[in-house]
Amino acid sequence: MKNSILFLTLALLFIWQCTTAPALKKWIPYDETEELAQNATNKNPRLRYKRIQSKHTDKNSLFIPFENELIQFESSYARLSPFILERSIPELQSAVASGIFSYEELTLFYLYRIYRYETDPTLYLNAILALNPDVVQEAREKDLDQKKAEEFPLYGMPILLKDNINTANMPTTAGAAVFKKNQTKEDAYIVNQLKKHGALILGKLNLSEWAYYFCEGCPLGYSALGGQTLNPYGRKVFESGGSSSGSGVAAGANYAVATVGTETSGSILSPAAKNALFGLKPTIGAVSRSGIIPISSTFDTAGPMTKTVVDNLLLYNALIGYDKNDLYSYAAKPLEIAALDMASLKGKRFGMVDTDAQDSLLQRAAKEIQQAGGEVIEVTLPEIDLDLFVQILDTDMKVDLPKYIASYGHESLSVKNIADIIAFNNQNADLHAPYGQGIFKSIAKDTTDYEAFQIKKKAFMKELTLALDSLLEKHQLDAFLTLDYFTSSYLATSHYSAIGIPIGYYEDGKPQNMSMIAKGKQEQLLIEMAAAYEKIAPYRKLPEFYP
């Protein structure tokens, strides 16, 4: 009898502990009808959302691997915020070396911050598609040998990746329902590079589905799997930029130390501008494309998106590397960090693109450059055949995407090409493609002879490159100046490089960037000029509602 009473008492105590133990706040989907109606008459058609929440993904599943750690970490979050938010990689490494926090605590800080905002129905940003379930354990292992940070600046730093970059322990989806279970066997080349430099892969980021080469006139930052990415500087007020929408939003909101995006034509520069970030579009071939879901093998690249110039340099240095499997790959030189201290705009000459010259923030930036000893003149860019540019994208994607599926796609994928993807989406168009598949349908109908077209493509690229080179030489320019991503087709066609730089905010609070654009393989020049401008005009600030 006594044993029965004891057993019953222990059982009741266990049940009481289970029901009263702290638990993570859960994300609860809600009726967004009224929210959508408010945006239905927005003057920007791309902000007239048909859907905000994802109907494919359960946010709560993101946090299950870290539930106990996040519950215990809650009391540490406020204490560590001043040492982590908006801090550069060198500052974070210094804090770890000083014992202020560990790599594990740094990782938990970002996980908790993501959890805190992404489960709040008034603040969520839909930036995250997946979190690395092993990342806390990986951070603990980094703590066992913190001295490696002396050799590898990215050691122990949590980095988020756009979800068109292969990761072996998380699906790579491009935001598409048909790729929901695309578990690749290997990491992409650049993921291996990051790991070699000691970086922690924190997770995968939402994006404009298929890198915004899928639907016509649809919102930037929407994907079937991730829902609508929202801008931390103005949810449903400002666009998040695309196609690296989640990369921009996550870096802007301090969800990680830094993020990696990809660009074909403006997809790093655009979200960098919308989220007050430094975004580097490298020369094609400096960063491998192997294991990245493509649009165009001619124009695609990956690149860093960061809150500071020094972080941009350090992340770029970790990403670069010669890849024998990438046709355009070359052994890019690491950027020199010591040069940033002495960086100056004195004597630098810039050609401000005349179509952007009336913008108030760009005019102010030009004056600041001149006050620092630089020179700014107006220039007119040569015309570009945008129809031919689009034809390159279409013909490349029609060939390159099936190659990716054949080389990297999971064996369970039911599709082999764009026509198959269209057919899959048509099975439930409202769920899989609420904004249509206009671009994919156009590509599927294209009858261009790919091999014969290569001669025309190369001639087009050479002609534009020579025209831009000539303009730089004629005016003895170091770089062009333009608003964020508005010359992205020129950059892609010429294989020029560019860096987006925050230049302030408009009266309504919308962030703005300028881009410095230089010849290919001029990243050192760009990063030094960006550092010089950052020193005299450090405009970036944390979004008001994400303290």
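Atom set for the values below is all heavy atoms of this structure, side chains included, hydrogens, waters and symmetry mates excluded. What you are looking at is a predicted structure, and each value in this text was computed from that prediction instead of being measured.
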Quick one, [X] and [Y] - any side-chain contact, counting heavy atoms below 4.5 Å?
| X | Y | answer |
| --- | --- | --- |
| I165 | V260 | yes |
| I128 | L160 | yes |
| K55 | L431 | yes |
| L194 | L315 | yes |
| T259 | L161 | no |
| K457 | D396 | yes |
| I499 | K281 | no |
| L36 | I52 | yes |

Test of understanding: with salt bridge (Lys or Arg N to Asp or Glu O under 4.0 Å), list the residues that count as partners of [X], not counting sequence neighbours.
| X | value |
| --- | --- |
| K195 | D187 |
| K333 | none |
| R51 | D430 |

For residues 463-480, which side-chain N or O atoms pair as donor and acceptor with protein atoms under 3.5 Å away, sequence neighbours left out?
{"from": "T465", "atom 1": "OG1", "to": "M461", "atom 2": "O", "distance (Å)": "2.7"}
{"from": "D469", "atom 1": "OD1", "to": "Y496", "atom 2": "OH", "distance (Å)": "2.4"}
{"from": "D478", "atom 1": "OD2", "to": "R349", "atom 2": "N", "distance (Å)": "2.8"}

| query | With no hydrogens and no angle check, is any side-chain donor or acceptor of N275 less than 3.5 Å from a backbone partner on N231? | reply | no

| side-chain contact (heavy atoms from CB on, under 4.5 Å), paired with I369, selected from M352, M514, R364 | M514

Tell me, please, which residues at least two apart from [X] pass side-chain contact (heavy atoms from CB on, under 4.5 Å).
| X | value |
| --- | --- |
| K367 | Q370 |
| A276 | Y233, Y505, P511, R540 |
| Y322 | K324, S329, A331 |

| field | Atom pair CG (D420) and CG (N417), whose distance is rounded to the nearest 0.5 Å | value | 4.0 Å

| message | Between K348 and E375, does the salt bridge (Lys or Arg N to Asp or Glu O under 4.0 Å) criterion hold? Intermediate values first, please. | response | CA-CA 6 Å; K348 296 293 188 290; E375 297 180 64; over 6 Å; no

Contacts of [X] that satisfy ring pair (Phe, Tyr, Trp, His ring centres under 6.0 Å) - sequence neighbours left out:
| X | answer |
| --- | --- |
| F299 | F389 |
| Y404 | Y408 |
| H56 | H432 |
| Y435 | Y222 |

| note | With sequence neighbours left out, the residues meeting side chain to side chain donor-acceptor pair (under 3.5 Å) with S265 are S488

| said: Checking T262 against K162: is there a side-chain donor and acceptor pair closer than 3.5 Å? | reply: yes

| query | Cationic tip of K521 within the cone over Y330's six-membered ring, i.e. under 6.0 Å and within 45° of the normal? | reply | yes

| Heavy-atom neighbours of K510 NZ exceed 12 at 6.0 Å | no

